[in-house]
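Comments concern the structure below.
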Protein chains: 2
Amino acid sequence: MRPLPRETTLHLEVRDLSSSKTQTMRARRPAPSSTEAKRRYHHGDLRAALIAEALSIAATEGIEKVSVREVARRAGVSPGAPFRHFADKTALMTAVAEEAMDRFRAEIDAALAKADADDPIAGFRAVGRAFLSWAMRNPTHFAIISSRQAIDFPGSQRLVNQNTAIQELVDHLLQKALSAGRLRSGDTRLVQLAGRALVYGLARMFTDGHFESWHVPATEVETRMEAVLDLVVESLAKPPSDATTNPNPRPRSRRRP
Amino acid sequence: MRPLPRETTLHLEVRDLSSSKTQTMRARRPAPSSTEAKRRYHHGDLRAALIAEALSIAATEGIEKVSVREVARRAGVSPGAPFRHFADKTALMTAVAEEAMDRFRAEIDAALAKADADDPIAGFRAVGRAFLSWAMRNPTHFAIISSRQAIDFPGSQRLVNQNTAIQELVDHLLQKALSAGRLRSGDTRLVQLAGRALVYGLARMFTDGHFESWHVPATEVETRMEAVLDLVVESLAKPPSDATTNPNPRPRSRRRP
DNA sequence: CCCCGCTTGTAAGCATTGATTACATTATTG
DNA sequence: CAATAATGTAATCAATGCTTACAAGCGGGG
């Protein structure tokens, strides 16, 4: 119904789309200078332009308002043209999702690279925070990837691969945590699912509009989300055994000094 | 894209729709006997029939396949007829959502009534389990209520009221838990959000198709979900102080005897 | 009782959409 | 440079949400 919250940062520069399933690598002419851009029979890089326009509409008007005709209109092209590049609307949206997923993956990696490599719990939390942060800054991207109504997720090798890669990354983290005796539960898959469901739920509640009744800016919502994440991560984890044997000491309370 | 997982139990008996916003209470003729039902200019109780048909389509074909024309067709009525009862498609879906929400609320209440009234943590867990159970048995209902794209949630007093009532119910539970010293965190709102986001995330992951790659029956998925819920609830809670002072004992491990 | 009016249904039509087909134009490359 | 594949256009189709003008049934006041 209501459009999604605005994308706070719009990344419309669509470069490096070379490796695509349905499109073989092909040399491209330089983009037409904006003044001379008028009415070229061939667009130049219509595929990329369509993805960008689709994302733009989704971000500003809401996902359900994306129509291939409107996308074509904005790209200055006939209503049938997009079907030269995408078998159907789903294929177009899937392409948008693939790009979004790549960026999401990149942010996860970056966050993990900055985290303390010796503290797997901190890494776990960092991934969760990156998830939340990315979803809040790119609600449309997140909505497209997660709600798989508009895309063909299992049909996209790229989406499936990135997804499983992220999960394995987290599971590896949790295995290390378990070995270090930092987990209350011995079932890392269970802990993994708990964390995933938590951040997924928070992010989805946001894009689904469940926080609108709070009437607070998104930044404040995110702060609250991070507090929830911290609480759950702390609850699931055991504090590091302080060199000296100190069985099950109290977890540090970070909110009540 | 893919239709939602089938509704395992379909409740199509739509009675007691008396209190509606857009429709004043009105005496109804008895429903036509099924054999003699043929071609009556006036339907009898079209409004209820439309809601039932809309839900039926959503459950079997997927939410996005619901069209008011198809709904009208199945109700044996002209394409314009539904607009006599619902201002637009959104109003129709909102009516479906209202009914779904009422049933959801009823199940929550029932589950809580069966739970140990003296153990607020058990009550908290029971509400979570009821949420999961209901969402798994009625994925379409859940999807319609939670993903608020097809409905006007804030515009429906009934939906808003039920929603806040459920939240207050849980918050009351957590207040009792806090008073009894059963919570690790002192911020009940935070705990409440953690629990809500967790079960919401699990249920949404299910309806969004995130468990399809598991290739296991829904019952097994639900078992796993319950294990996650138990883990998190246990982690968030403190065990009851066993009469004798016993500061911070290990939580019972339910998986490794 | 019966006519008048309100409700509820129908019929027809509008604009928009996803998708297909036949055709036109450009790019590539042998 | 010409053949061929790639990429765009134009026209068209069926389906949809929704509106408007009209018809059928029901019910209450004379």
Side-chain angles (χ1 to χ4, degrees), chain A residues 1 20 22-32 37-50 53-54 57-58 61-95 149-152, chain B residues 1 20 22-32 36-50 53-54 57-58 61-94 149-152:
Chain A
M1 242 346 34
S20 152
T22 59
Q23 178 101 337
T24 57
M25 182 67 164
R26 178 171 301 108
R28 290 191 190 88
R29 274 173 293 111
K38 54 178 95 164
R39 296 291 105 238
R40 280 247 292 269
Y41 196 97
H42 281 181
H43 179 282
D45 194 351
L46 182 56
R47 195 189 136 91
L50 293 172
E53 295 296 349
I57 296 173
E61 320 279 325
I63 300 181
E64 71 285 352
K65 286 281 192 76
V66 177
S67 74
V68 324
R69 291 183 105 99
E70 179 63 22
V71 168
R73 213 169 288 138
R74 297 200 184 190
V77 103
S78 81
F83 293 95
R84 288 286 172 195
H85 297 269
F86 302 99
D88 51 15
K89 186 182 176 178
T90 298
L92 167 59
M93 296 311 287
T94 303
Q149 292 180 311
I151 69 178
D152 178 16
Chain B
M1 239 345 34
S20 155
T22 59
Q23 180 101 339
T24 57
M25 183 66 164
R26 181 172 299 109
R28 290 192 188 88
R29 274 174 296 111
E36 175 257 356
K38 55 177 92 164
R39 298 288 106 239
R40 281 244 294 266
Y41 195 97
H42 285 265
H43 179 282
D45 194 352
L46 183 55
R47 194 189 137 90
L50 293 172
E53 296 296 349
I57 297 173
E61 322 277 328
I63 300 182
E64 71 286 352
K65 286 279 191 77
V66 177
S67 75
V68 324
R69 290 183 108 100
E70 179 64 20
V71 168
R73 213 169 289 136
R74 298 200 183 191
V77 105
S78 80
F83 294 95
R84 288 287 173 194
H85 296 269
F86 301 99
D88 51 16
K89 185 182 178 180
T90 298
L92 167 59
M93 297 310 288
T94 302
Q149 292 181 309
I151 70 178
D152 178 18

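A note on names: the letters A, B, ... follow the listed sequences, proteins ahead of strands, and every chain is numbered from 1.
With A:T94 contributing its side chain and A:I151 its backbone, the two residues share no donor-acceptor pair below 3.5 Å.
For the atom pair CG of A:L46 and CZ of A:F86, the computed distance is 8.0 Å after rounding to the nearest 0.5 Å. Atom OG1 in B:T90 sits 9.0 Å away from atom CE in B:M93 (nearest 0.5 Å).
Rounded to an integer number of Å, the gap from B:D88 CG to C:dT16 C1' is 16 Å. Summarising the geometry, the separation between NZ on A:K65 and C1' on D:dG17 is reported as 13 Å, rounded to the nearest angstrom. Note: CZ (B:F83) to P (C:dA12) measures 18 Å, nearest angstrom. When rounded to the nearest whole Å, the span between CZ of A:R73 and P of D:dA10 equals 14 Å. Summarising the geometry, the separation between CG on A:L46 and C1' on C:dA27 is reported as 15 Å, rounded to the nearest angstrom. One interatomic measurement links the two molecules: CD of B:E61 to P of D:dT16, which rounds to 12 Å at whole-angstrom precision. The distance from atom CD of A:E64 to atom C1' of D:dT16 is 16 Å, rounded to the nearest whole Å. The CG atom of A:D45 sits 9 Å away from the P atom of D:dG8 (whole-angstrom rounding).
The listed nucleotides are D:dG17, C:dG9, D:dT7; the one nearest the side chain of A:H85 is D:dT7. With D:dT9, C:dT17, D:dC18 as the choices, the nucleotide that has an atom nearest any side-chain atom of B:R69 turns out to be D:dC18. Side chain of B:R84, nearest nucleotide from D:dT16, C:dG9, D:dG17: C:dG9.
Put simply, the side chain of B:H85 does not reach to within 4.5 Å of the side chain of B:P82, judged on heavy atoms.
DNA chain C is contacted by both A:K89 and B:G80; B:G80 maps to the nucleotide lying nearer its 5′ end (nearest heavy atom per residue).
The residue A:S67 sits close only to the backbone: its heavy atoms come under 4.0 Å of sugar-phosphate atoms, none of a base.
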